[in-house]
Amino acid sequence: MPSRKALVRRPGPRLAEGLVTHLERTPVDPALALAQWERYVGALRAHGWETVEVEPADECPDGVFVEDTVVMFRNVALVCRSGAPSRRPETAAVAKAVDRLGCPVGRVREPGTLDGGDVLKIGDTVYVGRGGRTNAEGVAQLRAAFEPLGARVVAVPVSRVLHLKSAVTALPDGTVVGYGPLVETPSLFGRFLPVPEEAGAHVVLLGGGKLLMAASAPRSAELFADLGYEPVVVDIGEFEKLEGCVTCLSVRLRHLGT
Ligand SMILES: NC(=O)NCCC[C@H](N)C(=O)O
């Protein structure tokens, strides 16, 4: 029976100072961000996910984007080393959390850099974005960590967006979804479905055909509903101002105890 736990991390007091790379900075409302985060966590719980809060990293503005700190393959954790130095102190408590959950833990080592947002898993295929946050050495270390476990690692050039998963994610049937103008190499993916909005490229699979999505992508939600899926919509507008999306606010752990 797959486990249904998800790591999350509460937004810290310096959230508004979070990094922005491909967007112009606009002011973030911390109280609204906290309320949005609570509703996001509530949506995970309402759909059967037990959320595990990682200890806060209050000195790190981007700590809430917990997805970037660790990559799971089956029950094995690879703790990341971000291409953004300000994000590196986020990982210590995450490593502790996955260790406490019984996962074998590896680490990306210098000079490698890897952000979890650059890693998209579809079955045993692990796509990894080589871009601003993940370098060639990080890709090589990801291969070394997961290929012996049966992963097929496919590297994807990323330059138009922050992370691979800012451009593409996948539906439960493995179809890759992305906003055309931001996807450099759709031919690398087996099946590619273009969506009408940038945020429509971001889905978190909640199980049973349910897709957690941002409220900023209503036409993509309609498209997915028309394909027989059930969008579960949350407003994450304050996190979108910092280039965050629904995927980056949690790490789902589906293979604990295996
Ligand atoms: N996986 C993600 O989509 N992470 C978003 C990270 C946003 C944060 N402001 C950053 O630039 O690192």
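Excluded from the calculations below are hydrogen atoms, water molecules and symmetry mates; all remaining heavy atoms, backbone and side chain alike, are included.
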Is [X] reaching over with its side chain to a backbone N or O of [Y], donor-acceptor style, under 3.5 angstrom?
| X | Y | answer |
| --- | --- | --- |
| R87 | F65 | yes |
| K165 | H202 | no |
| R81 | V108 | no |
| R252 | L205 | yes |
| T26 | K241 | no |
| E238 | D29 | yes |
| E137 | P111 | no |
| D118 | L164 | yes |
| R14 | G18 | no |
| R25 | A16 | yes |

If two hydrophobic side chains count as joined below 4.5 Å and joins carry through other members, does [X] share a cluster with [Y]?
| X | Y | answer |
| --- | --- | --- |
| V76 | M72 | no |
| F73 | V79 | no |
| V139 | L149 | yes |
| I122 | V71 | no |
| V251 | L78 | no |

Looking at every heavy atom in both [X] and [Y], which two are closest together, and how far apart are they?
| X | Y | value |
| --- | --- | --- |
| F192 | V177 | CE1-C, 4.1 Å |
| G207 | R4 | CA-NH1, 4.2 Å |
| G190 | Y127 | N-OH, 4.1 Å |
| A199 | E240 | CB-OE2, 4.0 Å |
| T69 | T91 | O-CG2, 3.9 Å |
| V234 | A43 | CG1-CB, 3.9 Å |

Quiz prompt | Sole candidate of D115, D62, D68 that passes salt bridge (charged side-chain N to carboxylate O under 4.0 Å, His left out) when paired with R133 | solution = D115
Quiz item: E50 and salt bridge (charged side-chain N to carboxylate O under 4.0 Å, His left out): which partner among R45, R254, K5?
Solution: K5
Please report the interatomic distance [atom1]([X]) to [atom2]([Y]), rounded to the nearest 0.5 Å.
| X | Y | atom1 | atom2 | result |
| --- | --- | --- | --- | --- |
| C103 | L253 | SG | CG | 6.0 Å |
| Y229 | M213 | OH | CE | 12.5 Å |
| T247 | L120 | OG1 | CG | 9.5 Å |
| L211 | L206 | CG | CG | 7.5 Å |

State whether a side-chain donor-acceptor pair under 3.5 Å links [X] with [Y].
| X | Y | result |
| --- | --- | --- |
| Y40 | S250 | yes |
| R88 | S82 | no |
| S166 | E243 | no |

Quiz prompt | Carboxylate-amine/guanidinium contact E222 R219, below 4.0 Å | solution =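 Salt bridge: no.
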Quiz item: Given side chains that start at C-beta, do those of L188 and P157 come closer than 4.5 Å, heavy atoms only?
Solution: yes
Self-check item: Within-4.5 Å side-chain heavy-atom neighbours: R9 and V94
Solution: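 When only atoms from C-beta onward are counted, V94 and R9 do touch, with a gap below 4.5 Å.
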Quiz item: Near R191 CZ, under 6.0 Å, is it more than 12 heavy atoms from other residues, nucleotides or ligands?
Solution: yes
